Amino acid sequence: MCKRFDGKVALVTGAASGIGRAAAVQFAAEGANLVICDFNQSGLSETQHLVEEQGVRCLSMIVDVRSQEQVEDCVNGALEKFGVIDILVNNAGTGQFVPFAMMENDEYDRVMDINVRGTFFFSRAVLPSMMDRDYGKIINITSIMGEVAGQGQSIYNTSKGAAKMMTQGIAVDCSGYHINVNAVAPGMVLTGLTQNMLGDEDQLPYFLEKIPQRRIGEPQDIAHAILFLASDSASYIHGETLHVDGGMICTRM
Ligand SMILES: NC(=O)c1ccc[n+]([C@@H]2O[C@H](COP(=O)([O-])OP(=O)(O)OC[C@H]3O[C@@H](n4cnc5c(N)ncnc54)[C@H](O)[C@@H]3O)[C@@H](O)[C@H]2O)c1
């Protein structure tokens with residue numbers, strides 16, 4: 001049977017766990033060859049195993065998205081192995097739980113460098129090859145917290161708001177090309193990033209109350225949206241941010 005991404009090549013950053021892993025495995029299940037990267041070696045190996053179980057090819061690379069050199073090596077390695085990158089998912093990300101007045105410079109840099117600079121480095125490195133082929137899909141994982149502020153999350157809010165606007169800016173700069181640039185903004189999803197908060201049974205009712213669908217998201221919920229935006233069914237969607245949050249943003253929290 002023909003699969004949606006047969007023969008395509010998808011590069012997923014932050015693929016060692018959570019949403020990135022779920023997206024990589026779903027792409028593989030739908031026929032795509034994968035380039036997966038992360039700075040968590042053991043998690044990445046597990047993802048590679050899950051991807052290869054689907055019978056596709058997988059290039060796995062240790063990359064810190066804050067390093068321009070490592071990002072460019074990863075993209076060049078991917079192009080050498082597969083010849084093309086059809087889909088880029090800028091998923092690697094980090095959180096922040098420090099009140100604004102106590103925020104140290106190093107923490108500011110860490111959050112902004114991973115969540116914004118990493119997306120800049122990867123998108124810039126991949127785009128020339130997409131433009132040469134006049135084909136490509138870029139999906140940035142932002143957050144509803146890029147549009148609504150949360151306590152102790154001011155710089156995370158800033159970084160995800162910036163990633164949302166970068167999505168729109170790249171979309172405009174790709175005018176005239178068959179390249180789609182979009183974002184997926186998750187709400188609350190149970191992953192390593194949120195385990196402390198959402199894994200606490202006592203706090204769960206408080207969060208569920210804010211979500212009209214009354215359930216915490218799963219990484220697969222976000223992966224479904226990523227694959228939709230990467231598919232040719234979404235070819236007229238451009239510069240958009242798709243909220244995948246069980247309706248949470250409707251309540252403005
Ligand atoms: N979980 C949620 O509720 C939620 C909500 C909104 C947005 N998001 C976003 O979804 C994305 C994925 O997060 P997740 O929830 O799956 O968390 P996660 O912690 O499970 O996954 C994030 C991955 O990014 C990797 N990573 C972090 N910094 C890196 C770096 N410098 N270089 C390379 N890899 C790096 C981590 O090792 C990890 O594997 C993030 O961008 C996050 O901000 C998550």
Side-chain angles (χ1 to χ4, degrees), residues 11-26 35-48 50 60-71 73-75 88-97 106-107 109-122 139-150 153 155-164 166-167 183-199 203-204 207-208 210-211 215-223 225-226 241-246 248-249 253:
L11 191 163
V12 181
T13 75
S17 60
I19 293 166
R21 172 180 288 171
V25 174
Q26 275 193 24
V35 182
I36 54 172
C37 66
D38 204 293
F39 62 8
N40 169 354
Q41 172 130 39
S42 59
L44 201 57
S45 301
E46 280 176 47
T47 303
Q48 180 171 12
L50 294 169
S60 164
M61 296 188 81
I62 300 299
V63 175
D64 186 327
V65 299
R66 291 169 288 187
S67 160
Q68 180 180 346
E69 195 184 349
Q70 290 179 31
V71 168
D73 283 351
C74 176
V75 169
L88 167 66
V89 183
N90 282 306
N91 165 77
T94 191
Q96 169 234 331
F97 299 96
D106 284 353
E107 180 65 351
D109 287 343
R110 190 186 68 81
V111 175
M112 293 299 284
D113 284 354
I114 295 174
N115 292 353
V116 186
R117 194 184 275 257
T119 295
F120 165 57
F121 282 159
F122 258 106
I139 296 118
N140 296 329
I141 309 308
T142 60
S143 170
I144 61 168
M145 302 307 286
E147 299 168 49
V148 178
Q153 292 189 270
I155 305 309
Y156 183 75
N157 298 143
T158 304
S159 71
K160 292 299 187 177
K164 176 182 173 166
M166 197 189 300
T167 304
V184 172
M188 290 195 154
V189 184
L190 185 56
T191 66
L193 200 66
T194 53
Q195 178 62 42
N196 282 348
M197 200 169 63
L198 302 177
Q203 285 198 60
L204 204 54
F207 292 116
L208 289 177
K210 296 172 184 288
I211 306 172
R215 77 169 172 90
I216 300 297
E218 294 174 10
Q220 286 75 10
D221 293 316
I222 311 305
I226 295 170
T241 295
L242 178 57
H243 302 114
V244 185
D245 64 348
M248 194 171 180
I249 201 160
M253 322 256 295

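Atoms within a ligand are numbered from 1 in the order they appear, just like the ligands themselves. This one's a predicted model, so the numbers in the text were calculated from it and none came from an experiment.
Between the choices Val244, Thr191, Val12, the shortest heavy-atom distance to atom 14 (P) of ligand 1 belongs to Thr191. The closest heavy-atom contact to atom 27 (C) of ligand 1, among the options Gly20, Gly93, Ser159, comes from Gly93. Closest to atom 11 (C) of ligand 1 by heavy atom, among Asn91, Ile19, Ile216, is Asn91. With Val63, Leu190, Asp38 as candidates, the residue nearest to atom 39 (O) of ligand 1 on a non-hydrogen basis is Asp38.
Regarding atom 23 (C) of ligand 1, its nearest protein heavy-atom neighbour is Gly14 O, 3.6 Å. The shortest contact between atom 26 (N) of ligand 1 and any protein heavy atom is with Phe39 CE1, 3.7 Å. Of all protein heavy atoms, the one closest to atom 19 (O) of ligand 1 is Leu193 N, 3.6 Å. Nearest protein neighbour of atom 31 (N) of ligand 1, counting heavy atoms only, is Asp64 OD1, 2.9 Å. Protein heavy atom at the shortest distance from atom 3 (O) of ligand 1 is Val189 N, 2.8 Å. In this structure, atom 32 (N) of ligand 1 lies nearest to the protein heavy atom Val65 N, 3.0 Å.
Lys210 places none of its side-chain heavy atoms less than 4.5 Å from the side chain of Met188. Looking at Thr191 and Ser17, their side chains never come closer than 4.5 Å, going by heavy atoms from C-beta outward. Put simply, the side chain of Gln70 does not reach to within 4.5 Å of the side chain of Phe39, judged on heavy atoms. When side chains are defined from C-beta on, Thr13 does not count as touching Val71, because their heavy atoms never get closer than 4.5 Å. Between Asp221 and Val189, the closest side-chain pair of non-hydrogen atoms is not below 4.5 Å.
Considering backbone and side-chain atoms alike, Leu198 places every N or O at 3.5 Å or more from each N or O of ligand 1. Between Ser17 and ligand 1, at least one pair of N/O atoms sits closer than 3.5 Å.
Residue Thr142 touches ligand 1 through its backbone alone, judged by heavy-atom distances below 4.0 Å. Under 4.0 angstrom from ligand 1, there are no non-hydrogen atoms of Met145.
In this structure, CG in Leu208 is found 9.5 Å from CE in Met248, a value given to the nearest 0.5 Å. Residue Asn140 holds its CG atom at 11.0 Å from CG of Asn115, rounded to the nearest 0.5 Å. The OG1 atom of Thr142 lies 11.0 Å from the CG atom of Asn91; values are rounded to the nearest 0.5 Å. Rounding to the nearest 0.5 Å gives a distance of 13.0 Å between CD1 of Ile222 and CD1 of Ile139. To the nearest 0.5 angstrom, Gln41 atom CD is 12.0 Å from Glu46 atom CD. Atom-to-atom distance recorded for Thr94:OG1 and Gln96:CD is 9.5 Å, nearest 0.5 angstrom.
Under a 4.0 angstrom heavy-atom cut-off, Lys160 registers as being in contact with ligand 1. By the 4.0 Å heavy-atom criterion, Gly187 is counted among the residues contacting ligand 1.
For ligand 1, the atoms lying closer than 4.0 Å to a non-hydrogen atom of Ile141 are 9 (C), 10 (O), 11 (C), 41 (O). The contact set between ligand 1 and Gly192, taken as ligand atoms under 4.0 Å from a residue heavy atom, comprises 20 (O). The distance from ligand 1 to the heavy atoms of Met188 drops below 4.0 Å at these ligand atoms: 3 (O). Close approach to Tyr156 involves these atoms of ligand 1, each under 4.0 Å from a residue heavy atom: 6 (C), 7 (C), 8 (N), 42 (C), 43 (O). In summary, the atoms of ligand 1 found under 4.0 Å from a heavy atom of Gly18, numbered by their order in the structure, are 16 (O), 20 (O). Atoms of ligand 1 found under 4.0 Å from any heavy atom of Ala16, numbered from 1 in the order shown, are 39 (O). The atoms of ligand 1 that sit less than 4.0 Å from any heavy atom of Ile114 are 28 (N), 31 (N).
Not one N or O on the side chain of Asp245 forms a donor-acceptor pair closer than 3.5 Å with the backbone of Pro186. Without hydrogens or angle criteria, Lys164 side chain to Ser143 main chain gives no donor-acceptor distance under 3.5 Å. Side-chain atoms of Arg21 never come within 3.5 Å of backbone atoms of Ala15 as a donor-acceptor pair (strictly under, hydrogens ignored).
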